[in-house]
Structure formats: structure tokens, C-alpha cells
Amino acid sequence: MMKKVYLQEWILKIDAEKTKEYYDSITVEEGCGCDYCRNYIKNCKTFSKEVMDFYTMLGIDPEKEGEFMEFEANAGKHLYMGFYHLIGEIVKRPNNGADKWDNANIIKIGNVKFTFTDKLDLVPDNLPKPVMQLEFEVMLPWIL
Ligand SMILES: [Zn+2]
């Protein structure tokens, strides 16, 4: 069932149960198996409770699907950016018309920055509609 969610100034309509069903139906192994992705997935096990609560609230399993991209290494930390799909739609964005990474649009939880968009990339065929995208940016250590 679609439910209205208020996150800072964001208003979303999401179906967390259906999103969770989708993530439950796929495996980590179906994703990319390169070292960068494996390092990201291993880091997921160390995410704080508040970060995991955020993913759980949306129905997303951060170890699965989506796209994880490593950008640069700095003082032993690696910048990861990526996204996850979820079932829902954006009702209101804080700074309409501004870039998704505009300060007003960013939700910061622990060391992770999140934003939402309806400009979608690489949507899996079997994902029920409507689809929106959660994007993240985080610095993580190399723990492989
Ligand atoms: Zn990869």
C-alpha cells in the first residue's frame, strides 16, 4: 500500500512492503561482483542503526540491486556514490527545480548523504511501477 512519508521537507508516496518484497526476491550475487562493489557490500554490515533504519523504512536492502560506484580515494577512505530503486513517487521536493544534490534536498543520516529523484537509471524490468530513485554519497574504508 502506498503511504505518505515526510522526510525533512520531502513528501513521498512509497510502498515499502512491495519494495521489500522486490529486494527479498533478489540476491546479492545477482549484483556486480567487482572488488569495489564487494567492498561496498561488506561495509553495509557496519552501517549504523540510524542508517539501516532509514533503508528499512523505505524497504531497501542496501546490499542488493542498485548501482555502487567508487570515485576517489582520500586518506584511506573511498568515495562511493550510487542509487537504489524503490516503489513510489515524489509528491514534493524541498527545493523544486534545483539540482537533486542542492543542500535543501539532501538528507544527511550519520555519514551518508541521501537525495531522491525521479530521473531514473537502469530500472530492472521486474520492478513494479511507479519507480523512484534514492541516491547516496558516502565515504567508506577499504575492508576487503
Ligand atoms: Zn562493481
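Please read all numbers here as calculations on a predicted model, not as lab measurements. Just so you know, ligand 1 is whichever comes first in the structure, and atom 1 is the first atom listed for that ligand. Just so it is clear, the values below take in all heavy atoms, side chains as well, and ignore hydrogens, waters and symmetry mates.
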Donor-acceptor pair, side chain of Asn95 and main chain of Asn103, under 3.5 angstrom: no
Whether Tyr55 and Phe47 hold their rings parallel, tilted or perpendicular, with breakpoints at 30° and 60°: parallel
Protein N, O or S within less than 2.8 Å of the Zn ion (ligand 1), waters excluded: Cys32 SG, Cys34 SG, Cys37 SG
Within one Ile-Leu-Val-Met-Phe-Trp-Tyr cluster: Met2 and Phe116, side-chain cutoff 4.5 Å: no
Salt bridge flag under 4.0 Å for residues Glu30 and Lys64: no
Inter- and intrachain pairs under side chain to side chain donor-acceptor pair (under 3.5 Å), touching residues 68-86, at least two apart: Asn39-Tyr80, Tyr40-Tyr84, Glu65-His85, Glu70-His78, His85-Gln133
Donor-acceptor under 3.5 Å (Thr19 side chain, Ile60 main chain): no
